[in-house]
Amino acid sequence: MLSQGVMLDRHVLPTIIKACAGLSFLNTGKQAASTGCFAYSALLAGYARKGCVKETKELFSKRADEGVELNLVSWNGMIAGFNHSGRHLEAVIMFQKMHLEAFKPDGTSISSVLSAVGDLEMLILGFQIHGYAIKMGIGQDKCVVSALIDMYGKCACTLEMSEVFDEMCQMDVGACNALVMGLSRNGLVDNALKVFRQFKGQGIELNVVSWTSIIGSCSQNGKDIEALELFREMQLVGVKPNSVTIPCLLPACGNIAALMHGKAAHCFSLKSGISSNVYVGSALIDMYAKCGRIHVSKLCFDMMLTRNLVSWNALMAGYAMHGKTKEAIDIFQWMQRSGPKPDFVSFICVLSACSQGGLTDEGWYYFRSMSKDYGIEARLEHYACMVNLLGRAGRLQEAHTMIKQMPFKPDACVWGALLSSCRVHNNVSLGEIAAKKLFELEPRNPGNYILLSNIYASKAMWDEVNMVRNMMKSKGLRKNPGCSWIEIKSKVHMLVAGDNSHPQMAQIIEKLAELSIEMKKSGCFPDTDFVLQDVEEQDKEQILCGHSEKLAVVLGLLNTSPGSSIQVIKNLRICGDCHAVIKFISSFEKREIFVRDTNRFHHFKDGVCSCRDYW
DNA sequence: CTAGGGTTAG
């Protein structure tokens with residue numbers, strides 16, 4: 001541009017400076033900044049955006065020496081910049097400084113600082129700024145209104161949030177978006193969906209932010225199919241998804257193993273040129289892993305131009321979930337050598353990988369290394385991983401000792417890890433201890449009662465089994481129904497244990513009966529230990545119909561071409577009987593079958609499972 | 001150069 005004799009003007013230069021800051025060519029930026037307020041503002045904002053507190057403050061105090069007068073944009077840039085880089089407190093401090101220097105904030109200043117105030121949950125300050133904005137006469141500024149809604153939402157003040165919305169004078173998409181987010185943030189997804197529909201019905205021009213928000217809310221709150229439908233709908237009404245929409249949608253695909261939808265989103269990213277975005281890339285790694293395609297996750301990882309901590313963690317978590325312990329540890333070591341510094345999530349991933357592979361020594365090694373070499377203090381999650389690792393390896397006493405010695409109060413995850421291990425090894429005495437704690441911590445979780453009752457049943461302690469069942473009955477609890485999903489030709493089918501409503505149910509039952517005859521012929525018999533768990537009257541129909549994962553696998557057999565692979569996901573852990581049956585199916589029908597349960601992936605091929613029966 | 005929606009674990 002310069003070589004062609006085109007002069008830089010005051011509008012072009014700030015853009016260049018901002019780009020320099022973004023690319024960490026900060027020195028280049030500094031040289032360019034000596035040209036006045038516009039450039040100064042851009043550099044300040046650039047530093048703040050990168051989270052460079054020290055540099056921002058240095059440059060900020062230097063401006064007087066250089067005789068540069070800062071304006072409103074300079075202040076707003078810093079506040080927004082700090083906010084963007086997660087330095088919320090710095091953003092608030094900047095706003096207060098601005099106030100002290102008697103600079104009059106505008107709607108942008110107020111909305112930036114309110115966002116930070118919300119993240120810090122400084123409700124009192126939020127109220128004060130609300131009052132201040134009204135006093136300044138900008139209480140109805142569009143940015144201010146939506147920022148107030150956002151702030152009250154983050155502070156869990158849904159009442160104040162709705163008040164601001166109802167009292168606003170002029171309808172605005174931003175405010176609508178903030179309201180939808182605020183509702184879902186506070187666990188009111190159904191309300192969020194309802195108001196979203198209302199807005200759409202009222203003819204409000206919903207934009208990409210509106211659609212992205214509602215899609216993200218759905219995929220974060222178990223409304224995965226809704227998320228997929230909304231994604232389709234937004235394109236139908238002509239709103240183009242962008243590099244934020246895709247990472248919001250992909251978890252929904254992963255959650256229900258909707259590989260075709262995930263692939264479609266991947267194609268969309270490639271076509272629209274956003275596939276090199278870090279968020280998109282990391283979300284793709286996660287999606288492919290959760291859809292059973294861990295090798296594609298690795299390809300996505302390798303192809304990424306820039307990776308961040310989340311990309312690395314997502315790949316490790318994927319390997320852990322697939323029981324590929326060695327690969328997970330390799331990635332961890334690669335990361336130690338030439339990746340970002342591992343964080344607490346990285347350690348959760350590597351510990352859970354060790355746990356899947358039964359590597360207790362390595363687990364202990366990483367657990368200790370975490371605080372010793374990385375200065376990361378173990379959290380509840382890490383203890384839960386360790387209890388799981390030790391317990392499943394049969395070292396139940398050691399697991400219990402670990403719980404007793406941990407520096408904070410164990411939560412339900414920790415005790416739950418012990419109880420499941422006790423179920424694996426059928427340890428009554430420790431199982432009772434864990435269950436007793438869990439009944440206090442989460443009295444309404446049926447899973448804990450079921451586990452204890454199964455432990456008793458495995459030892460033929462029928463009086464105790466009945467006692468636990470009666471406890472459940474008296475609390476009005478029922479076993480969570482087993483539920484499995486399978487995607488066939490881009491349509492997701494849900495099968496619930498004991499529910500015969502699927503139109504192909506008769507065929508499924510027929511096919512299952514055939515398979516069961518074949519299985520007996522080849523000398524395989526169901527695992528009686530697992531049959532015991534279904535002695536209750538209410539579960540009789542489940543024995544007849546089979547567990548949901550079995551039904552889903554058979555549905556897959558019936559509706560896909562011979563030899564193609566099948567993937568199923570389940571909301572509970574796979575049962576031993578189904579595990580045996582699916583192993584048989586994989587060899588008898590010559591199919592690769594992927595089953596993802598709450599814990600991990602089971603990859604069945606030629607009659608064996610990738611978990612090597614350790615789960 | 002100035003807001004709003006974002007990926008990983010459990």
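Note that these values count all heavy atoms, side chains included, but never hydrogens, waters or copies made by symmetry. First the proteins, then the strands, lettered A, B, ... as listed; each starts at 1.
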With respect to the side chain of [X], which nucleotide from [options] is positioned closest?
X	options	answer
A:Asn308	B:dT7, B:dA9, B:dG5	B:dT7
A:Ser112	B:dA3, B:dG4, B:dG6	B:dA3
A:Val209	B:dG5, B:dT7, B:dA3	B:dG5

* Do A:Val173 and A:Phe199 pass the side chain to side chain contact (heavy atoms under 4.5 Å, CB included) test, and can you show the C-alpha distance, the side-chain angles, and the key distance before you say yes or no? -> CA-CA 9 Å; A:Val173 218; A:Phe199 293 151; over 6 Å; no

To the nearest Å, give me how far apart [atom1] ([X]) and [atom2] ([N]) are.
X	N	atom1	atom2	result
A:Tyr288	B:dT7	OH	P	19 Å
A:Asp172	B:dA3	CG	P	15 Å
A:Leu250	B:dT8	CG	C1'	13 Å
A:Phe347	B:dA9	CZ	P	17 Å
A:Trp211	B:dG6	CH2	C1'	19 Å
A:Leu315	B:dT7	CG	P	18 Å
A:Asn242	B:dT7	CG	P	13 Å
A:Asp106	B:dC1	CG	P	16 Å

* So, are A:Asp190 and A:Lys194 salt-bridged, with charged N and O less than 4.0 Å apart? -> no

* Asked: Is the closest side-chain donor-acceptor distance between A:Tyr319 and A:Gln356 under 3.5 Å?
  ->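 Their side chains do not contain a donor-acceptor pair, so the 3.5 Å distance test is not met.
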
Once you apply a heavy-atom cut-off of 4.0 Å, does [X] come out as touching a base, just sugar-phosphate, or nothing?
X	answer
A:Ala147	nothing
A:Phe344	base
A:Ala80	sugar-phosphate

* Could I get the full list of side chain to side chain contact (heavy atoms under 4.5 Å, CB included) partners for A:Thr245, not counting sequence neighbours? =>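 A:Thr245 satisfies side chain to side chain contact (heavy atoms under 4.5 Å, CB included) with A:Val208, A:Thr212, A:Ile215, A:Phe231, A:Met234, A:Pro241, A:Asn242 once adjacent residues are dropped.
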
* Asked: Which residues pass the side chain to side chain contact (heavy atoms under 4.5 Å, CB included) test with A:Asp343, sequence neighbours left out?
  -> A:Leu309, A:Asn313, A:Val345, A:Ser346

Tell me whether the OP1 or OP2 atom of [N] has a side-chain N or O from [X] closer than 4.0 Å.
X	N	answer
A:Asn83	B:dG4	yes
A:Ser243	B:dG6	no
A:Lys142	B:dT2	no

